[in-house]
> 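Handing you a structure now.
Predicted, not measured: the structure shown is a model, and the values here were computed from it. By convention in this document, chain letters (A, B, ...) are assigned in the order of the sequence lines, proteins followed by strands, and residues within each chain are numbered from 1.
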Number of protein chains: 2
Amino acid sequence: MEELPRYRQVYETLRRAIADGRYVPGDLLPSEHDLCQEYALARPTVRKALDQLVADGYIQKHQGKGSIVKGAPRGIGILSLTGTTSAVGRPDFFTRIILKPELRPWTEAFGFPINALEQQAGCIYFERLRVLDDAPVFLDITMLPNIGLPNFTAYNLENASLFNFLRTQYQITVTGGTQQLLAIRADKRQREYLHVKSGSPILQLNRKIETSRPGFHIYSQVFCSTRKYGLIGTF
Amino acid sequence: MEELPRYRQVYETLRRAIADGRYVPGDLLPSEHDLCQEYALARPTVRKALDQLVADGYIQKHQGKGSIVKGAPRGIGILSLTGTTSAVGRPDFFTRIILKPELRPWTEAFGFPINALEQQAGCIYFERLRVLDDAPVFLDITMLPNIGLPNFTAYNLENASLFNFLRTQYQITVTGGTQQLLAIRADKRQREYLHVKSGSPILQLNRKIETSRPGFHIYSQVFCSTRKYGLIGTF
DNA sequence: CATACAAATTTGTATATACAGGTTTCCAAC
DNA sequence: GTTGGAAACCTGTATATACAAATTTGTATG
């Protein structure tokens, strides 16, 4: 097991403390000076952790005042997804496989261009339904190139985060991505899976996800009913 | 005129170079060492600029390799909005005032709770239509508390960015925010302004924007037709 | 020619330090 | 008591430095 960088450890510790409610919105985090002493680190290191918390919307900083806790980002965190943060992080969030991973030729990648290497390698395709509180929320179509993923189709992704899976099995981590957002009318298929009326407005999210393995991208298309939950993000 | 921090200047210079196409996707930026020499700065300063470019999706970094240009984020950058970056940044993007700023009592702030100070001060309310390429794209409803904004309603916001306006007139800058995203059916009013058919799916964005002035928030509701343009963001 | 290894290059992490600028606190002067 | 201002505290910016880790390049050896 490789060790996380220290600024990451501080980030995770503080993030969890906020998410668990040990800090209430409005609270002041310990000053950078105090955090340095507590973790025996230099200030730039602590600041890097705090910068990440600001970027993820957990805190807000004010010069001369301190770091004010804003609380854990609420809602279904698919827009944020910053680093390993995000995570829907609710115990009642389940994943159901609709279509098991299978090998296909590429046709297109939700509007994103694919490179020759990906084209040649073929496409691992699968579909999942994300269920929250017994109600279907996301319909998730994933495509990724069949490059250096031995036995991928043999594994069972049920209730396992794809990102965690790729990280533990293949040492592939997410480094960033691009997404396009549209409002569309639900078609028959989406209607059935998401339990909405035909023609209801739903969100369509086309995502190209960059990874630590150069040239290896994950393409994902998400359909989402926002009747019960809106998508939430911070900036 | 106050001076921008140096890391910000480097960021802006490189960002513009990428946006203007002086770097093509796939190109390598000069190494951090070279940039240090070019701008006569220390490496942490240059790195801070590059970190920002990564966060905004302009480049991608690989250890041992360098900074790879990804290109300017395409689409209408309302989700990104990272810092002062974002900016739609297209010359054919215009703003039309539908309803001039007027003083109102608060009723609600698009689902966000408002504090007592804001409640008491009253609400400056106005509506704008954002037009791109002769086609209406955003319908934008803005509410902000009437605190320390002398003569606000007297100014003309036509074709002026609200954020730039607040910064130059009142030294208020945007530090972050939260947004909720929904897919809805266009009602009669939205249909007329956005030129879509009644019942068409459109995006609704409820935003609470934090500023450098503590306790001063901007509340904004945006309706957006994604028929021609999708909203694009990076993470 | 091909392989293996060493060296150079480049980004990642971390420390120590300094000063500027905003905020709060507290005390002295009026 | 109130006001003014100094001091303490806190975050923002910037530098100089060191070593680790990944990648590329060059070189020498078989």
> Does the side chain of Lys100(B) come within less than 4.5 Å of Glu102(B)'s, by heavy atoms?
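Heavy-atom side-chain distance check fails, nothing below 4.5 Å.
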> List in chain and number order the residues that pass salt bridge (Lys or Arg N to Asp or Glu O under 4.0 Å) with Arg22(B), two or more places apart in sequence or in another chain; answer none if no residue qualifies.
Asp20(B)
> List the residues meeting side-chain hydrogen bond (donor to acceptor under 3.5 Å, both in side chains) with Thr45(A), not counting sequence neighbours, and say none if there are none.
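In terms of side-chain hydrogen bond (donor to acceptor under 3.5 Å, both in side chains), with neighbours along the sequence ignored, Thr45(A) is linked to no residue.
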> For nucleotides 18-21 of chain C, tabulate all protein N/O to nucleotide N/O atom pairs closer than 3.5 Å, reporting atom names and distance.
{"unit_1": "dG21(C)", "atom_1": "N3", "unit_2": "Gln63(A)", "atom_2": "NE2", "d": "3.3"}

> Do the rings of Tyr219(B) and Phe112(B) sit parallel, tilted or perpendicular, given the 30° and 60° boundaries?
tilted
> With sequence neighbours left out, what residues match Asn206(B) under side-chain hydrogen bond (donor to acceptor under 3.5 Å, both in side chains)?
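Only Gln180(B), Gln204(B), Gln221(B) meet the side-chain hydrogen bond (donor to acceptor under 3.5 Å, both in side chains) criterion with Asn206(B).
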> Are there any protein N/O atoms within less than 3.5 Å of an N/O atom in nucleotides 4-7 of chain D, and if so, which ones and at what distance?
none

> Write down the distance between NE2 (His62(A)) and C1' (dT24(C)), rounded to a whole number of angstrom.
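The distance from NE2 of His62(A) to C1' of dT24(C) comes to 15 Å, rounded to the nearest Å.
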> Using a cutoff of under 3.5 Å, can you pull out all pairs of nitrogen or oxygen atoms linking the protein to nucleotides 3-8 of chain C, with atom names and distances?
none

> Please name all residues satisfying salt bridge (Lys or Arg N to Asp or Glu O under 4.0 Å) with Glu32(B), sequence neighbours left out, ordered by chain then number.
Arg43(B), Arg47(B), Lys61(B)
> If I take atom CZ in residue Arg47(A) and atom P in nucleotide dA16(C), what distance separates them, rounded to the nearest angstrom?
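For the pair Arg47(A) CZ and dA16(C) P, the rounded distance is 17 Å.
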> Salt bridge (Lys or Arg N to Asp or Glu O under 4.0 Å) with Glu38(B): which residues, sequence neighbours excluded?
none
> Within the pair Lys48(B) and dT13(D), is there a side-chain N or O less than 4.0 Å away from OP1 or OP2?
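Checking Lys48(B) against dT13(D): at least one side-chain N or O falls below 4.0 Å of OP1 or OP2.
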> Mind checking whether Tyr23(A) and Tyr58(A) have side chains closer than 4.5 Å, heavy atoms only?
no
> Are Arg128(B) and Leu162(B) side-chain neighbours, meaning at least one heavy-atom pair lies under 4.5 Å?
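Result yes, sub-4.5 Å side-chain heavy-atom pair found.
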> How many Å lie between CZ on Arg6(B) and C1' on dT15(D), as a whole number?
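In whole Å, dT15(D) C1' and Arg6(B) CZ are 10 Å from each other.
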> Mapping Asp51(A) and Pro44(B) to their closest nucleotides on DNA chain D, which lands nearer the 5' end?
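The residue whose closest nucleotide sits nearer the 5' end is Asp51(A).
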> Could you list the residues that satisfy side chain to side chain contact (heavy atoms under 4.5 Å, CB included) with Gln9(A), not counting sequence neighbours?
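Gln9(A) satisfies side chain to side chain contact (heavy atoms under 4.5 Å, CB included) with Glu3(A), Leu4(A) only.
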> Quick one: is Thr45(A) getting a side-chain N or O under 4.0 Å of the dT15(C) phosphate, OP1 or OP2?
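Looking at the OP1 and OP2 atoms of dT15(C), one of them is under 4.0 Å from a side-chain N or O of Thr45(A).
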> Tell me every residue that passes salt bridge (Lys or Arg N to Asp or Glu O under 4.0 Å) with Glu108(B), counting only those two or more places apart in sequence or in another chain.
none
> Return the residues of residues 22-37 of chain A meeting this criterion: a heavy atom under 4.0 Å from some atom of DNA chain D. Order them by number, or give none.
Ser31(A), Glu32(A)
> With the side chain of Lys65(A) defined as its heavy atoms from C-beta on, choose the nearest nucleotide among dT24(C), dT13(C), dT15(C).
dT24(C)
> Would you indicate, yes or no, if dA14(C) has its OP1 or OP2 atom less than 4.0 angstrom from a side-chain nitrogen or oxygen of Tyr7(A)?
no
> What's the CD1-P distance between Ile59(A) and dC10(D), to the nearest Å?
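Distance, rounded to whole Å: 15 Å.
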> Please identify each residue that fulfils side chain to side chain contact (heavy atoms under 4.5 Å, CB included) with Leu28(A), with sequence neighbours left out.
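Leu28(A): side chain to side chain contact (heavy atoms under 4.5 Å, CB included) contacts with Ile68(A).
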> Over 60° means perpendicular and under 30° means parallel, so classify the ring planes of Phe126(A) and Phe152(A), tilted if in between.
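The arrangement is tilted - the two ring planes meet at 30° to 60°.
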> Any non-hydrogen side-chain atom of Leu14(A) less than 4.5 Å from a side-chain atom of Ile59(A)?
no
> So Leu50(A), base contact, sugar-phosphate only, or nothing? Heavy-atom distance under 4.0 Å.
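No contact at all - Leu50(A) keeps every heavy atom at 4.0 Å or more from the nucleic acid.
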> Expressed in angstrom and rounded to an integer, what is the separation of Ile68(B) atom CD1 from dT23(D) atom P?
11 Å
